[in-house]
Visitor: 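Here it is: the structure, laid out below.
Since the structure is predicted, the reported quantities are computational estimates derived from the model, not experimental observations.
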Amino acid sequence: MKKVIEKLHKELSQYLSDVEKSSPSHILLESYQIEMKCHLVSAMTYIADNGMLPEAVWTHLLVQNCPLNYLYELWMNDPNTLTPELAEIMKPVLERDYEAHKARKGGQTA
């Protein structure tokens, strides 16, 4: 698993270095991929740190020529989205913000 994480970080670093050399318009076109690849590396590191995958899956990833691209393609071809999870995260954040705003205004609401 450690080798996979190292490979992912190396691939991400090379990808970001290549993108930095491109035009601003190309960087803009790549922005979603940049963000998702960063998140994928973070997610895989979390998965590794918490022992969430069996060794056979790590071996499967290790034999991929470009495991980060492989993960990104899996993500892009999966019908799931982060919308429900993002909604679950944002709901309490917004509620806390609203309550703090209301407290600053002396209990008045908008």
Side-chain angles (χ1 to χ4, degrees):
M1 114 180 64
K2 184 176 179 175
K3 287 182 181 181
V4 173
I5 298 302
E6 289 171 0
K7 201 171 177 182
L8 290 172
H9 279 281
K10 183 177 179 183
E11 187 179 343
L12 178 61
S13 179
Q14 183 61 53
Y15 169 70
L16 293 175
S17 178
D18 291 345
V19 170
E20 286 175 351
K21 296 172 188 169
S22 60
S23 69
S25 61
H26 181 75
I27 292 171
L28 185 61
L29 290 173
E30 293 281 317
S31 62
Y32 180 78
Q33 189 171 168
I34 292 166
E35 185 68 16
M36 280 312 302
K37 285 185 173 183
C38 290
H39 281 299
L40 286 167
V41 171
S42 294
M44 294 307 295
T45 301
Y46 181 87
I47 288 169
D49 289 348
N50 290 283
M52 297 169 71
L53 285 175
E55 194 59 37
V57 177
W58 291 108
T59 301
H60 172 68
L61 287 172
L62 188 59
V63 299
Q64 302 302 320
N65 190 33
C66 297
L68 184 55
N69 277 340
Y70 179 78
L71 291 170
Y72 182 71
E73 289 301 318
L74 286 175
W75 170 256
M76 291 301 292
N77 292 315
D78 192 279
N80 293 309
T81 72
L82 291 176
T83 301
E85 289 84 359
L86 186 56
E88 287 296 316
I89 292 168
M90 288 307 300
K91 181 182 178 292
V93 169
L94 185 55
E95 289 170 342
R96 282 192 306 269
D97 178 69
Y98 172 75
E99 291 301 324
H101 178 76
K102 189 168 75 170
R104 285 191 304 271
K105 296 282 186 176
Q108 298 173 355
T109 58

Visitor: Of all the heavy-atom pairs spanning Q64 and K7, show the shortest one and how long it is.
Guide: O-NZ, 2.9 Å

Visitor: Taking C-beta and beyond as the side chain, do K37 and N69 meet within less than 4.5 Å on heavy atoms?
Guide: yes

Visitor: Give the cluster check for L62 versus M1: same hydrophobic cluster or not, with ILVMFWY residues linked at side-chain heavy-atom distances below 4.5 Å.
Guide: yes

Visitor: Is I34 close to Y15 at the side-chain level, that is, under 4.5 Å between some pair of heavy atoms?
Guide: yes

Visitor: Supply the atom-to-atom distance S25 OG to E30 CD, rounded to the nearest 0.5 angstrom.
Guide: 10.5 Å

Visitor: Parallel, tilted or perpendicular: which fits the ring planes of Y32 and Y72, with parallel below 30° and perpendicular above 60°?
Guide: tilted

Visitor: Could you check whether any side-chain N or O of D78 sits under 3.5 Å from a backbone N or O of L74, counting only pairs where one atom can act as donor and the other as acceptor?
Guide: no

Visitor: Write down the atom of V93, the atom of I89, and the distance for their closest heavy-atom approach.
Guide: CG2-O, 3.2 Å

Visitor: Does one side chain, of Q14 or D18, offer a donor that lies under 3.5 Å from an acceptor on the other?
Guide: yes

Visitor: Measuring only between side-chain heavy atoms, which start at C-beta, is S13 closer than 4.5 Å to L16?
Guide: no

Visitor: Can you confirm whether L82 sits close enough to W75 that some side-chain heavy atom of one is under 4.5 Å from a side-chain heavy atom of the other?
Guide: yes

Visitor: Applying a strict under-4.5 Å side-chain criterion to I, L, V, M, F, W and Y, I'd like to know whether L71 and M76 cluster together.
Guide: yes

Visitor: Measure the spacing between CD of E55 and NE2 of H60 and express it to the nearest 0.5 Å.
Guide: 13.5 Å

Visitor: Is any side-chain N of the basic residue among E99 and K102 closer than 4.0 Å to the acidic one's carboxylate O?
Guide: yes

Visitor: Other residues, nucleotides and ligands only: do more than 12 of their heavy atoms fall within 6.0 Å of CG on N65?
Guide: no

Visitor: Heavy atoms, side chains only, cut-off 4.5 Å: are E11 and Y70 in contact?
Guide: no

Visitor: Measuring from T45:OG1 to E6:CD, what's the distance to the nearest 0.5 Å?
Guide: 10.5 Å

Visitor: Is it true that W58 and V63 fall in one hydrophobic cluster, defined by side-chain heavy atoms closer than 4.5 Å?
Guide: no

Visitor: Determine whether M44 and L61 make a side-chain contact, defined as any pair of heavy atoms from C-beta on separated by less than 4.5 Å.
Guide: yes

